[in-house]
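Below is one structure; the comments refer to it alone.
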Amino acid sequence: MSANVDGFITERDKGISINNQATIVGSKLACSALCLKETDCCFANYRDKTKECILGTLDKCHAATQTAIGWLLLRKGKAYNNKVFFSIADALPWLDAQAYCNSFGMRLATISSAKENEFLKYVNSRMTGTWLGGSDLVTKKDWKWDKPSRKITYFDWGQHPKQPDGLSSDSRGYCDGFGMRLATVSNTEENEFLKYLTTLCTTNTGDIIIERNSVIPGKGVSTIVRSELACTFLCLKDKDCCFANYRDSTKECMVGMSMCHAETISENGWTFLRRGSAYKNKVFYYFWNAVPWNDAQGYCGSFGMRLATVSNSDENKFLKSLTTQSSGVWLGGSDLLQEDKWKWDKPTRSITYYDWGYYNGIPQPNDLFNQDCLTYGLSDPFETQYTWDDQTCSNDYPFLCERIVRVDSENWPIE
């Protein structure tokens, strides 16, 4: 982000209990704008069914979230230079907090200067303890930020008692606290499995996003697992797995090897784990539920992502391989601002690689009926080769989201 403006993240079927009066608005975007107008607003509860928007002010900014089916929690961040920080009051272990941030395309906060440190102290002034992104998990007393290559260069350790003291933080003690021990290895097969689990943290092998109270219906075989994380690993273990349905009340995990292009439906109590496909520094997610272009862009944004963009022919070929079995798939391009000036998701990002095709012998784009949004489409009715096509933005199509994963840059997560 280049402008120093506050931003939002969206948490579905969540809310923060508050007695403030509701305002009827036109959309989620209008509710966000209402919160942005108010200096003291730090979140908003929004219900699309009734268009109710309830603003949360300072006295509730650090309250824990609650489950609220049908509501959206619009959590407002605080901007500092090129970052936006979000304060989450729900108490979690450090690893879970890191994973929660990652689910929105973010990371636990890092600090590079005394001024940034003072700003974060102000943001969290009402909280007794707050996780940051640093650890010495890899090498004792060698503190790094979220990845081993990012050494911490600015420190603000406390003195009462002198920190860091290493108490209650070693790996063996952590395992002991759960009645477990550090992992042991008995054979080659077990060793290879453990290697696989550790590479999930360090390599771009695919990723999972979590959609609450959603499933792809089917009669898959259920496996009883210990947790949502265990269900995630069960899917990641199998290269053919594209999703999993998980129900916490019964610990059922149904891994999906087929039906990868089926639509999700609402189902209370279930969690849908959608697996992405990695390509270089991106992970792509295919959503089969057909919606208009603006709604697709908004849904990607609710996960800290955007509609997919294409930089070159190799990436284009990879995306085509994901979009089979559909007559059209939304991408992130449009010429909504100026006819025939095609841009990606923001006005400054011109499209420099093209793969326009033909439809019924007519070269694309042709702007028929104000077609201003970009899709992958079938070149002609009886062909199977996907090329780019302009379509009316209000049409309903499946869509591709992308998440940028920059392991080689300090810019995070979206370019």
Side-chain angles (χ1 to χ4, degrees), residues 1 7-10 12 27-29 32 103-106 207 209 211 260-261 263-264 274-338 341-357 364-365 370-378 386-406 411-415:
M1 284 163 288
F8 286 87
I9 56 173
T10 302
R12 297 185 180 277
S27 64
K28 179 182 79 171
L29 186 62
S32 301
S103 74
F104 291 95
M106 303 187 295
D207 200 4
I209 58 172
E211 299 168 66
C260 295
H261 297 112
E263 294 189 25
T264 56
R274 188 186 299 271
R275 186 174 184 179
S277 300
Y279 180 84
K280 295 189 175 178
N281 68 329
K282 297 181 181 179
V283 181
F284 295 99
Y285 299 86
Y286 193 7
F287 292 83
W288 191 250
N289 296 56
V291 297
W293 188 86
N294 277 328
D295 291 356
Q297 187 72 281
Y299 196 74
C300 293
S302 72
F303 290 95
M305 302 188 293
R306 62 186 177 194
L307 280 172
T309 64
V310 185
S311 304
N312 54 55
S313 59
D314 287 341
E315 188 173 41
N316 193 50
K317 184 178 179 181
F318 177 79
L319 284 181
K320 286 181 181 181
S321 72
L322 304 180
T323 56
T324 56
Q325 304 179 41
S326 175
S327 59
V329 179
W330 287 127
L331 298 175
S334 78
D335 66 346
L336 285 165
L337 292 181
Q338 185 178 352
K341 298 294 184 183
W342 286 83
K343 308 276 186 174
W344 288 121
D345 58 314
K346 52 187 178 183
T348 56
R349 298 190 66 224
S350 294
I351 297 178
T352 55
Y353 167 83
Y354 296 94
D355 185 28
W356 296 114
Q364 302 298 314
N370 295 317
Q371 295 176 329
D372 294 318
C373 292
L374 179 62
T375 67
Y376 274 129
L378 293 177
Y386 282 93
T387 53
W388 291 12
D389 183 24
D390 59 337
Q391 284 292 337
T392 305
C393 300
S394 58
N395 288 352
D396 291 338
Y397 287 115
F399 54 100
L400 275 165
C401 297
E402 69 176 33
R403 172 178 290 164
I404 307 298
V405 184
R406 273 210 166 81
N411 299 320
W412 181 281
I414 299 294
E415 62 187 16

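Predicted model, so just to flag it, every value in this text is computed and none were measured. No hydrogens, no waters, no symmetry mates; every other heavy atom, side chains included, goes into these values.
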Member of W344, W330, W293 meeting the side chain to side chain contact (heavy atoms under 4.5 Å, CB included) criterion with L374 = W344
query = Can T309 and E402 be said to form a side chain to side chain contact (heavy atoms under 4.5 Å, CB included), step by step?
reply = CA-CA 8 Å; T309 64; E402 69 176 33; 3.1 Å; yes
task = For residues F8 and S32, report the shortest heavy-atom separation together with the two atoms involved.
result = CZ-O, 3.4 Å
inquiry  = If you compare all heavy atoms of A308 against all heavy atoms of L319, which two are closest, and at what distance to 0.1 Å?
reply    = CB-CD1, 4.3 Å
Check: Y376 side chain, N316 main-chain N or O, donor-acceptor pair, under 3.5 Å = yes
task = Run the numbers on R306 and C401 for side chain to side chain contact (heavy atoms under 4.5 Å, CB included), then give the verdict.
result = CA-CA 5 Å; R306 62 186 177 194; C401 297; over 6 Å; no
inquiry  = Quick check: closest heavy atoms across I209 and R403, and the distance to 0.1 Å?
reply    = CG2-NH2, 3.5 Å
Minimum heavy-atom distance L307-L331, with the two atoms named = CD1-O, 3.6 Å
task = Determine the minimum heavy-atom distance between Q371 and D390, stating which atoms define it.
result = OE1-O, 3.2 Å
task = For E315, enumerate each residue passing the side-chain hydrogen bond (donor to acceptor under 3.5 Å, both in side chains) test, keeping only those at least two apart in sequence or located in another chain.
result = K282, S311
inquiry  = Using a 3.5 Å distance criterion without hydrogens, assess whether the side chain of N289 forms a donor-acceptor pair with backbone atoms of T264.
reply    = yes
ask   = So does K280 pair up with D314, basic N to acidic O under 4.0 Å?
value = no
inquiry  = Looking only at the aromatic ring of each residue, does the gap between the centers of W342 and W356 stay below 6.0 angstrom?
reply    = yes
request  = Indicate the ring-plane relationship of Y299 and F287, choosing parallel, tilted or perpendicular according to the 30° and 60° boundaries.
outcome  = perpendicular
ask   = Minimum heavy-atom separation for W388 to Y353, with atom names?
value = CH2-O, 2.9 Å
